[in-house]
2 protein chains.
Amino acid sequence: MSRVVVPSGGALTRSMILDRIRVAGRISRVELAEASGLTQTAISNIVRQTITDGLVIETGFGESTGGKRRTLLEINVSARHALGVSLDQERMIYVACDLSGQMVGRISAAGTGLEQPGAVVPRMATELRALLDLTEIDPSSVVGLGVASPGPLNSPAGVLLGRQPNPAWRDFPLREELAKATGLPVMLDSDASCAALGEFWTTRNGATSPVNATVYMADGIGCGIIVDGRVFHGASSNAGELGHLSLDVDGPPCACGARGCVELYAAPRAVVAAALADRELATALDLRGDPVRTRSDFARIVRSATHGDDASLRLVTEAARRLGQGIVTLGNVLDLDEISLSGPGFADGGALFAQVIQQQLDQLPFTRDVHSVAVRISHIGTEAAALGAAARMLQQEVTPHTRVGRRLTSAAR
Amino acid sequence: MSRVVVPSGGALTRSMILDRIRVAGRISRVELAEASGLTQTAISNIVRQTITDGLVIETGFGESTGGKRRTLLEINVSARHALGVSLDQERMIYVACDLSGQMVGRISAAGTGLEQPGAVVPRMATELRALLDLTEIDPSSVVGLGVASPGPLNSPAGVLLGRQPNPAWRDFPLREELAKATGLPVMLDSDASCAALGEFWTTRNGATSPVNATVYMADGIGCGIIVDGRVFHGASSNAGELGHLSLDVDGPPCACGARGCVELYAAPRAVVAAALADRELATALDLRGDPVRTRSDFARIVRSATHGDDASLRLVTEAARRLGQGIVTLGNVLDLDEISLSGPGFADGGALFAQVIQQQLDQLPFTRDVHSVAVRISHIGTEAAALGAAARMLQQEVTPHTRVGRRLTSAAR
DNA sequence: TTACTTCGTGAAGTTTCTTGGGTAAGTTGC
DNA sequence: GCAACTTACCCAAGAAACTTCACGAAGTAA
């Protein structure tokens, strides 16, 4: 029997208020009452409780509007912390963040490479302890660990389903083992979904749009979709497979089995391959062509392009154009009005990609007729996935709109 | 200030219970308690209230399981009714349905043609009154009118934005004027979204999947997306523009401004045009080539294909293949596990389309790796949009998960 | 008939909000 | 400088929607 969690009662209200304070940064009780529709009395009681719990603190007063000044409230950002890690073959990134989503610590370590998951899990636990020691966070304030992984996965089960980071990881009970090794609640989700949530969570003043898509480029290309502040997962937590959206059904075959996938044209590996085919360019940029060095080779090409090199610029523009084609489709299907570019793939040449993609979207007839679509570059960059994974745990803690509460079944099988 | 309605309190619980009874068909209090997580006492009280209001009736008893038999509950289907209309240039379809989503009356009338909206609205009011007289529904039980329209629109504002049914309708305050003319609450949404909701609402035993997409083919091709029982609208209530998803960026130009759109290959107009180019076939099927007769010409071709005519079959298969390409993309982006085909375009040859599309989906690598995607043909066919539009009003009445309740702001502007 | 199970509901308590009535802390006008 | 007004915040009592506990009604099994 499938169950839908319908929140109700105090936990929901409390977390809504907390979320509102977090998003606003500083806010008064009166504003909370206006925004929430609750009475000032109710807000007063709820806020008192959160202050007692140490989640909220009073920080000064607002301007008087003809009477008593409003007491301003803020989230006590150090009341809770979360850890996040982006699982990656090349390089792992561990972050710790506070309740505001602000990164308070970061370390990076060797990627999974071809190691077995059974060997990597204890290493991760050690590295996470090192991060905690480094940041001097009170361990009791840590609410959990979020894990961002590339490739298809089963988020509820906490299991990877694809060939990432390497085939040995498939069906390994990752979440369970990590929870055992760290003693923390662990949640697993795709890097793109995590990055999307990271963008959303750390953007002050809340959602600018009810629907938000974040294109995440690392080795592959994925897309995280946020609807009403929550990750849209689809039927099996694998929505937003932008990288394997087919641009040309008669195009070159992809490892995924389809043809003409976005990744074949726009992923770092594809751009590097195209650059290597240009002997002169490959020599000029000192490209290695070593598969594990793809990311740094790609960075060289992008930097060369931003510095005005024609050959590099052509390659990057072409990749951006192809990616843009996929994004146009995505925007059409989901009726998006904002798209974020995030992840290590956009770290150096994000502006270049954004410009090309924005041009394509502006040419879109729908865009002209109904509303525009804006392309923005991530403000949290390379750490987006890890930070988003951590934010996912914080969201559970502070905004448990989908966790706490009464359960009502929406469908029987 | 944008506000998100967060339901809470009794209205939500009540409507959840009502929805559960509706979906189950017949259900006992004990089962409701188990499914909802509420106590039997609470269910008892809520059910008593709904019985008093005439929304629920007791209908016999279940088998004893060793003690007192369970009293079975059903929705009193005639307690509420809703009207729905699918706006169309060629032919308008009006339906009335009861609380179970069962159609209890249907009339069709001349389409909007090139008439001005100011002239059509009073005619619609007259035709709706005729439908009410015909069905002998108690007018006080009618909760509202749902309007399904092709093309881009602004659902909250109740205004059409595109060139459908004809350019004069653009920006006409349709919802407002219809509400005035009929004295009913009116809601406007895309035909595809309505059809999707119709499929969902009238399918007993509730959702088989949390995400459900319905491809709707009339003159154009659209797609309605249902997430957790509610229509997914995107940023501007125009999500699911499958018809203008580009299959080939270098393809033929489309009236929408883009190139290689699905509609150019798969819409009835495209199939008829291809058939007209084949002189022999056009003569054999007695095709007119008259734009306003496109739908019947298309039907002839599809029927000829299902009867085994090679030339027709090739044309229809090609259209289905192209549509399938778009659906594959859609399925990838949204991570769907079920797709419904609905609308007049699939009335005759739905099975043929379904077969070709299913084949394509089965070849999809993702489908093999993670989960299968099933294609099913609508069981409510040509009336899907109108019926879904009506269901939209019923959903508001019986399942006001998004309407009644406390308001909490999720974002400030 | 007796013992047991199961369904449905009444009575009383809990939680979460509301309404109504203060009190403290400001500003404004004379 | 003081009265009059505004505004913010909070206490007390009450309403609504649940809960737990208890019990009678309706059924089965030996």
Side-chain angles (χ1 to χ4, degrees), chain A residues 5-18 20-21 26-53 56-74 400-401 404-408, chain B residues 5-18 20-21 26-53 56-74 400-401 404-408:
Chain A
V5 176
V6 174
S8 123
L12 168 70
T13 312
R14 197 183 123 115
S15 56
M16 276 288 188
I17 297 300
L18 278 171
R20 181 108 208 105
I21 299 172
R26 298 182 90 192
I27 193 168
S28 67
R29 288 176 179 82
V30 174
E31 287 168 286
L32 282 174
E34 281 166 5
S36 66
L38 294 175
T39 57
Q40 290 188 17
T41 309
I43 295 295
S44 211
N45 290 327
I46 294 162
V47 165
R48 181 160 351 108
Q49 197 190 326
T50 63
I51 290 176
T52 306
D53 292 351
V56 169
I57 44 179
E58 297 187 335
T59 58
F61 301 94
E63 290 288 290
S64 168
T65 57
K68 182 175 173 179
R69 293 173 302 174
R70 302 172 171 188
T71 315
L72 295 180
L73 305 167
E74 272 181 48
H401 306 179
V404 175
R406 193 155 315 298
R407 289 167 308 183
L408 283 172
Chain B
V5 175
V6 174
S8 123
L12 168 70
T13 312
R14 197 182 122 115
S15 56
M16 275 288 188
I17 298 300
L18 278 171
R20 181 109 208 105
I21 300 173
R26 299 182 88 192
I27 194 168
S28 67
R29 287 175 178 81
V30 174
E31 287 169 287
L32 282 174
E34 281 166 6
S36 66
L38 294 174
T39 57
Q40 290 189 19
T41 309
I43 295 295
S44 208
N45 290 327
I46 294 162
V47 166
R48 183 165 355 142
Q49 198 191 325
T50 63
I51 290 176
T52 306
D53 292 351
V56 169
I57 45 179
E58 296 187 335
T59 57
F61 302 93
E63 291 288 290
S64 167
T65 57
K68 183 176 174 179
R69 291 173 303 175
R70 302 173 171 187
T71 315
L72 295 180
L73 305 166
E74 272 181 49
H401 306 178
V404 176
R406 191 155 317 297
R407 290 167 306 183
L408 283 172

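By convention in this document, chain letters (A, B, ...) are assigned in the order of the sequence lines, proteins followed by strands, and residues within each chain are numbered from 1. FYI, side chains are in, hydrogens and waters are out, and symmetry mates aren't considered; it's all heavy atoms of this structure.
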> Roughly, in whole Å, what's the span from CD1 in Ile17(B) to P in dA17(D)?
Replying inline: 14 Å
> Who pairs with Ile27(A) by side chain to side chain contact (heavy atoms under 4.5 Å, CB included), at least two apart in sequence or on another chain?
Replying inline: Arg20(A), Ile21(A), Ala24(A), Glu31(A), Leu32(A)
> Rounded to whole angstrom units, what separation is found between the CD atom of Gln49(A) and the C1' atom of dT16(C)?
Replying inline: 11 Å
> In whole angstrom, what separates Ile46(A)'s CD1 from dC9(D)'s P?
Replying inline: 14 Å
> What nucleotide, of dC18(D), dT28(D), dT27(C), holds the atom closest to the side chain of Thr13(B)?
Replying inline: dC18(D)
>> Please encode protein proximity along nucleotides 4-12 of chain C as a string of B, S and -, counting only heavy-atom distances under 4.0 Å.
In response: -BBBBBBB-
>> What is the distance, to the nearest angstrom, from the CD1 atom on Ile43(B) to the P atom on dT19(D)?
In response: 8 Å
>> Which heavy atom of Thr50(A) sits nearest to which heavy atom of Val47(A), and what is that distance?
In response: OG1-O, 2.7 Å
> Can you find a heavy atom in the side chain of Asn45(B) that is under 4.5 Å from one in the side chain of Arg48(B)?
Replying inline: yes
> Yes or no on side chain to side chain contact (heavy atoms under 4.5 Å, CB included) for Gln49(A) and Ile17(A), after CA distance, side-chain angles and deciding distance?
Replying inline: CA-CA 11 Å; Gln49(A) 197 190 326; Ile17(A) 297 300; over 6 Å; no
>> Rounding to an integer number of Å, can you tell me how far Glu63(A) CD sits from dG26(C) P?
In response: 12 Å
> Is the shortest side-chain N/O distance from Thr39(B) to OP1 or OP2 of dT19(D) below 4.0 Å?
Replying inline: yes
>> Measuring only between side-chain heavy atoms, which start at C-beta, is Leu38(B) closer than 4.5 Å to Met16(B)?
In response: no
> To the nearest angstrom, how far is Met16(B) atom CE from dA17(D) atom C1'?
Replying inline: 16 Å
> Under 3.5 Å, is there a donor-acceptor pair linking the side chains of Glu58(A) and Thr71(A)?
Replying inline: no
> Rounding to a whole Å, what distance do you find between Leu12(A):CG and dA17(D):P?
Replying inline: 16 Å
